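On a predicted model such as this, the values are computed, not experimentally measured, just so you know. Order of the sequence lines fixes the chain letters, A, B, ..., with proteins taken first and strands second; residue numbering starts at 1 for each chain.
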Amino acid sequence: MSENKFETVSSCVDNYIQQDESFDEIIKDSELSDTWGRYQLMGDIMRNDVPQTLQLDLSAKIAAAIDNEPTVLAPKNTVKKQNSFKARIVSFVKPLGQVAIAASAAGLMVLGVQQNNVVQTDEVAPIQNIQTSPFIGIAEPVSFNYQQPSKMSQKQAYIEQQRRLQALLLDHKQQIKLTAATNSEVNEVVEPAIETTPEHKVESLPK
Amino acid sequence: MRTLICVLLLSTGFSTIAAEVEQQASTWLNALSQSLKTRNFSTSFVVIKNNHAEPYHWFHGVDDTGKELEILSLLNGPRRDVLRKDGVVSYIEPELPPYSVETYQVSGPIPSIFSGDISSLEKSYNFISLGKSRVLGRPAQIIRIVSKDKNRFGYRLWLDQESNMLLKMSVITREGIVLEQVQFTHLEFSKDLPEPLKQLQVTDLPHVVDVPKGIIDSDLQWKVNWLPSGFENVRSNYHRLSITKQATEFMLFSDGLVDVSVYINKSPVNQREPEFVMNGATGVYSQVVKGVEVSIVGKIPSMTAQAIADSVSLLSGAKRP
């Protein structure tokens, strides 16, 4: 009988699995599990696959470590967390570039407006250069003359765009501040009601 | 049969748990709003966006007569202060001479609805209690404010378990990317008013400006046909942008938490590709179609902004500007 058992182990090791139950049997029976381990080790030695430091009682150590592990009382939650974590990694990879671009654009947005005046004075000079250089007769590649104005107009278009978008952003913030006033009636439910007293001097919007 | 019963039991169990979690979350949020309205506190926080941090001081208190006092100031760069005495809020900014507005809401990095009636957001958002964490050296409760549709960003709040105060907030896309964060770096409660608020008590605020209620809808030439559910028109008018002096038709929509501005004006160019830039969570979307420039600004995803812009149409009977 026991001989037969060992045979089962042997065939399992050799990947000739007979029945699924045989695995369960091996796992349950400590003697058989030990045999399983030994057979695997033999196989490893024969294949010259043994690590330099042999830890023969690895399974026992792992079992002890698992025993020491605190019991998790809500397994459903942990599974969920793992899933969401995985999903997050996947989704992170794709749109990160987009956001990075968007963020840097926004960073530039502020810069563009702040340096607006400086850039505008700068742009005059290169245009003059382009006009005068043919008269002086410096041999320049044709493409140079072409590139310069297109670069300039590109830059200018970019600055113009930044200015436009910045203006919208600023106005949006401004409008929210002013809008808070128009729906103050909503707040009277929460707060003690105020009367719009005529004492408040009413002025027109600062320009 | 047994499995069926199991499934039934589980599902009813889950739904009651879900309801409980939601209940718990809204209780937390109501407690937050109560703390923001009634406690005396001195705080510092930083707003983290676009890879840089903006530091703020924020003081709040209630005086002997029950009036709320509040100061919010940006600590870096040119002075930007918001002062509030009960129902009057003053803005001190580099762009404009100081002015005051009659309101209870302070417009800053923290949504003003947090100190108002948060439960009004339940139309468009779900509140979910996410568990516990540690923020600013305190045990914190995490609450998520999740949009019911795909058209909005989500919010995550970390609330102090002891005082229910806000300790941290992030604006997150549906994919889980953090766009903007508010992190408190200092929080102190006091029995008396914080010192800056005592000074505010004796300070005169700038004059209150008269905010026109906005023009009536029939005067508008353009109409926004689509918005995510829950957004309502707060204000419409016709004004000029301060930087470009561009005259524009303007509509402001809000779902309580998020404000979305729609700008419509004539453009010198006939056609322009859509542009979208972001400043933290605030996106600016702009496009020109057939000589009409439509721009959308607000803390919404670019897809939503585009859908809103595409839905703009000329009101029947109105002349093209």
Side-chain angles (χ1 to χ4, degrees), chain A residues 77 81 84 87-92 94-96 98-110 113 116 160-184 186-194 196 200-207, chain B residues 37 49-52 66 68 86-89 91 95-99 101-107 112 116-117 173 175-177 179 207-214 234-235 237 239 241-244 246 248 250 252 254 259 261 263 275-280 282-284 286 295 297-298 302:
Chain A
N77 249 342
K81 260 182 196 164
S84 69
R88 201 183 286 170
I89 287 177
V90 174
S91 56
F92 247 99
K94 273 188 261 166
L96 200 65
Q98 289 171 11
V99 171
I101 292 164
S104 61
L108 286 169
M109 201 156 100
V110 179
V113 169
N116 214 356
E160 184 48 45
Q161 178 200 8
Q162 297 302 315
R163 204 168 102 92
R164 207 156 28 77
L165 298 174
Q166 184 76 22
L168 289 167
L169 189 64
L170 195 80
D171 193 77
H172 169 71
K173 283 184 185 163
Q174 198 67 46
Q175 292 296 331
I176 292 174
K177 286 172 193 166
L178 294 175
T179 303
T182 47
N183 54 358
S184 57
V186 182
N187 287 278
E188 288 181 6
V189 185
V190 190
E191 303 280 345
I194 45 135
T196 38
H200 284 297
K201 209 174 163 189
V202 172
E203 276 193 353
S204 64
L205 247 172
K207 279 179 186 118
Chain B
K37 270 189 298 205
K49 55 182 182 185
N50 312 341
N51 273 334
H52 75 110
E68 279 181 74
D86 205 34
V88 177
V89 175
Y91 292 94
E95 294 92 7
L96 292 168
Y99 63 95
V101 182
E102 273 186 355
T103 177
Y104 289 99
Q105 300 171 5
V106 164
S107 163
S112 54
D117 180 17
T173 66
E175 291 78 34
I177 296 160
L179 297 174
H207 289 305
V208 172
V209 296
D210 180 24
V211 180
K213 280 250 171 182
V234 189
R235 212 149 82 93
N237 63 33
H239 70 270
L241 302 184
S242 58
I243 295 183
T244 54
Q246 170 75 56
T248 177
F250 169 79
L252 185 76
S254 173
D259 295 295
S261 292
Y263 297 86
E275 301 160 332
F276 185 73
V277 289
M278 282 191 110
N279 179 22
T282 311
V284 184
S286 183
S295 310
V297 189
S302 60

Spacing of [X] atom [atom1] and [Y] atom [atom2] [to the nearest 0.5 Å]:
X	Y	atom1	atom2	answer
A/Ile176	B/Arg235	CD1	CZ	10.5 Å
B/Ser295	A/Leu168	OG	CG	4.5 Å
B/Leu96	A/Lys177	CG	NZ	8.5 Å
A/Arg163	B/Thr244	CZ	OG1	6.5 Å

So for A/Leu170, is it side chain, backbone, both, or neither that comes closer than 4.5 Å to the heavy atoms of chain B?
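Side chain only.
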
Non-hydrogen side-chain atoms of [X] and [Y] separated by less than 4.5 Å:
X	Y	result
B/Asn237	A/Gln175	yes
A/Gln174	B/Ser242	no
A/His172	B/Asp259	yes
A/Asp171	B/Ser261	no

With a 4.5 Å cut-off on heavy-atom pairs, point out which of B/Val297, B/Thr248, B/Val106 contacts chain A the most.
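The candidate making the most pairs under 4.5 Å is B/Val297.
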
Let me know if [X] has heavy atoms under 4.5 Å from chain A in its side chain, its backbone, both or neither.
X	answer
B/His239	side chain
B/Leu241	both
B/Gln246	neither

May I ask you to decide if A/Leu178's main-chain N or O and B/Tyr91's side chain share a donor-acceptor pair within less than 3.5 Å?
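No, the answer is negative, given that no donor and acceptor are paired below the 3.5 Å cut-off.
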
